[in-house]
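Okay, structure first, notes after.
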Protein chains: 2
Amino acid sequence: MANQFGSKIKELRETNGLLQRQVASQLEIDTPMLSKIERGERKAKKEQVLQFAKLYKADNNELLTLWLADQIYDVIKDEDVASKAMDVAQEELKIKSKRTKKK
Amino acid sequence: MANQFGSKIKELRETNGLLQRQVASQLEIDTPMLSKIERGERKAKKEQVLQFAKLYKADNNELLTLWLADQIYDVIKDEDVASKAMDVAQEELKIKSKRTKKK
DNA sequence: CTTATATTTGTCAATATTTGACAAGTCAAT
DNA sequence: ATTGACTTGTCAAATATTGACAAATATAAG
């Protein structure tokens with residue numbers, strides 16, 4: 001059930017010597033919610049990822065990467081063709097990123 | 001808007017000389033829905049992917065791969081760390097697949 | 001141009017999923 | 001047994017997804 005992002009922010013919280021209560025109030029969520037995010041039972045919003053980074057003095061991109069990786073993993077975890085699909089998606093990403101970022 | 005899976009099944013439908021109407025009725029959906037799936041506006045269910053493969057005499061895994069790749073792409077498309085996250089997810093997949101498939 | 005058929009677009013309500021909040025639970029230390 | 005930190009379970013509200021339909025736009029044929 002645990003995921004990479006959750007484990008990371010739990011670890012960061014502990015090395016920063018903070019309680020769930022303290023962090024939760026900063027993010028304006030309750031402690032059960034934070035507990036669930038840390039254990040991978042709920043997923044954080046992108047905005048919250050940035051708040052975690054700031055609060056724990058961690059690198060934005062590092063946390064965003066773990067957070068996004070968990071979401072990818074969620075999509076593929078039960079699929080036989082997961083690995084092949086990743087390759088195809090990566091290829092698609094490469095191709096589309098040529099045409100500069102839209103939207 | 002178009003995606004890989006949609007383009008593929010549209011192509012397959014045409015090489016098989018079938019109309020949306022005919023395919024849709026087999027899948028028990030209406031033609032607007034099929035149209036949307038082909039253009040990537042809606043995503044097919046996994047079950048439908050298998051029906052497409054059967055109907056078009058195509059390879060299950062090939063279609064499933066494109067279908068899954070589109071879903072991965074959807075998750076990462078607007079993210080700066082997309083590529084790094086893919087690497088991390090792939091790594092996670094490798095690690096977890098050692099412990100034989102659960103669920 | 002008019003009709004006929006194929007596909008696409010737009011909208012909407014029904015359904016499903018996700019979210020946030022709360023009460024109550026466990027666990028560890030005192 | 002009380003306190004503090006965290007976890008679990010449940011629920012309704014908010015959001016998102018789905019399927020169905022009517023209407024619009026092609027495309028092709030006469």
Side-chain angles (χ1 to χ4, degrees), chain A residues 1-52 55-56 63-64 66-79 103, chain B residues 1-52 55-56 64 67-79 103:
Chain A
M1 171 104 255
N3 60 14
Q4 304 211 50
F5 177 74
S7 305
K8 184 53 152 186
I9 59 169
K10 176 164 191 183
E11 178 194 315
L12 283 169
R13 178 172 60 80
E14 286 166 349
T15 61
N16 279 273
L18 296 167
L19 298 175
Q20 285 187 348
R21 172 164 48 80
Q22 304 174 299
V23 173
S25 85
Q26 289 292 317
L27 306 209
E28 307 195 56
I29 58 178
D30 63 5
T31 52
M33 187 66 65
L34 178 54
S35 169
K36 283 165 189 171
I37 292 172
E38 286 186 352
R39 286 174 299 106
E41 190 183 322
R42 294 285 178 97
K43 73 177 197 189
K45 295 180 186 172
K46 185 172 182 176
E47 183 204 346
Q48 294 171 329
V49 177
L50 303 175
Q51 292 180 289
F52 280 121
L55 212 54
Y56 297 152
L63 291 191
L64 282 170
L66 292 178
W67 170 78
L68 189 57
D70 285 342
Q71 292 183 62
I72 296 169
Y73 182 74
D74 237 38
V75 170
I76 64 176
K77 59 173 178 292
D78 295 325
E79 299 292 341
K103 166 78 211 187
Chain B
M1 171 103 254
N3 60 15
Q4 304 210 54
F5 176 73
S7 305
K8 184 52 150 189
I9 59 169
K10 176 165 188 178
E11 179 194 316
L12 283 170
R13 180 173 59 79
E14 286 166 348
T15 61
N16 280 273
L18 295 168
L19 299 174
Q20 285 186 348
R21 172 164 46 81
Q22 303 175 299
V23 173
S25 84
Q26 289 291 318
L27 307 208
E28 306 196 56
I29 57 178
D30 63 5
T31 53
M33 187 66 68
L34 178 55
S35 168
K36 284 163 188 172
I37 292 172
E38 286 186 351
R39 287 173 300 106
E41 192 183 322
R42 294 283 179 99
K43 72 176 200 189
K45 296 178 187 175
K46 185 171 182 178
E47 184 203 344
Q48 294 170 329
V49 177
L50 302 176
Q51 291 180 291
F52 280 121
L55 212 55
Y56 297 152
L64 283 170
W67 170 79
L68 190 56
D70 285 343
Q71 292 183 61
I72 296 169
Y73 183 74
D74 238 37
V75 169
I76 64 176
K77 60 172 178 291
D78 295 325
E79 300 291 342
K103 163 76 213 197

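Throughout, a chain's letter reflects where its sequence line sits, starting with A, and its residues are numbered from 1.
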Rounded off to whole Å, could you give me the [atom1]-to-[atom2] distance for the [X] and [N] pair?
X: E14(B); N: dA6(C); atom1: CD; atom2: P; result: 14 Å
X: I37(A); N: dT7(D); atom1: CD1; atom2: P; result: 12 Å
X: E41(B); N: dT9(C); atom1: CD; atom2: P; result: 7 Å
X: L34(B); N: dT8(C); atom1: CG; atom2: P; result: 9 Å
X: R21(A); N: dG4(D); atom1: CZ; atom2: P; result: 9 Å
X: R13(A); N: dA5(D); atom1: CZ; atom2: C1'; result: 9 Å

Quick one: pull up [atom1] in [X] and [atom2] in [Y] and give me the separation to the nearest 0.5 Å.
X: N16(B); Y: E11(B); atom1: CG; atom2: CD; answer: 10.5 Å
X: Q22(B); Y: Q26(B); atom1: CD; atom2: CD; answer: 9.0 Å
X: Q20(A); Y: D30(A); atom1: CD; atom2: CG; answer: 10.0 Å
X: F52(B); Y: E38(B); atom1: CZ; atom2: CD; answer: 7.0 Å

Original post:
With a cut-off of 6.0 Å (strictly less than), are more than 12 heavy atoms of other residues, nucleotides or ligands near CD of E14(A)?
Top reply: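 Atom CD in E14(A) is crowded, with more than 12 foreign heavy atoms closer than 6.0 Å.
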Original post:
Taking NZ, NE, NH1 and NH2 as the nitrogens, is one of them in E47(A) or K45(A) under 4.0 Å from a carboxylate oxygen of the other?
Top reply: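 Salt bridge: no.
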**OP:** State the dot-bracket string of DNA chain C. Criteria: Watson-Crick or G-U wobble, both atom distances under 3.5 angstrom; notation: ( ) intrastrand, [ ] crossing earlier pairs, | interstrand, . unpaired.
**Re:** ||||||||||||||||||||||||||||||
Report yes if a side-chain nitrogen or oxygen of [X] is closer than 4.0 Å to either non-bridging phosphate oxygen (OP1 or OP2) of [N]; otherwise report no.
X: Q22(A); N: dA5(D); answer: no
X: S35(B); N: dT7(C); answer: no
X: K43(A); N: dT17(C); answer: no
X: K45(A); N: dG20(C); answer: yes
X: Q20(B); N: dT5(C); answer: no

Which atom names give the shortest non-hydrogen contact between [X] and [Y], and what distance separates them?
X: Q71(B); Y: V75(A); result: CB-CG1, 3.9 Å
X: A44(A); Y: V49(A); result: CB-CG2, 4.4 Å
X: Y56(B); Y: L18(B); result: CE2-CD1, 3.9 Å

Original post:
What are the residues of residues 69-76 of chain B, sorted by number, that bring a heavy atom to within less than 4.0 Å of DNA chain C?
Top reply: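 The answer is none.
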Original post:
Does the K77(A) side chain pair with the main chain of D74(A), one donor and one acceptor, at a distance under 3.5 Å?
Top reply: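 Looks like yes, one N/O pair under 3.5 Å.
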Original post:
Within the distance-only criterion (no hydrogens, no angle test), does the side chain of D70(B) pair as donor or acceptor with the backbone N or O of F5(B) below 3.5 angstrom?
Top reply: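 Pair found, side chain donor or acceptor close to backbone of F5(B).
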**OP:** Would you indicate what R39(B) reaches in the nucleic acid, counting non-hydrogen atoms under 4.0 angstrom: base, sugar-phosphate, or nothing?
**Re:**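 Base, at least one base heavy atom under 4.0 Å.
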Subject >> Which nucleotide in dT7(D), dT9(C), dC6(D) has an atom nearest any side-chain atom of L19(A) >> reply: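 Within the option list, the nearest is dC6(D).
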Original post:
How does protein reach along nucleotides 20-30 of chain D, written 5' to 3' as B (base within reach of a heavy atom under 4.0 Å), S (only sugar-phosphate), or - (no contact)?
Top reply: BBB--------
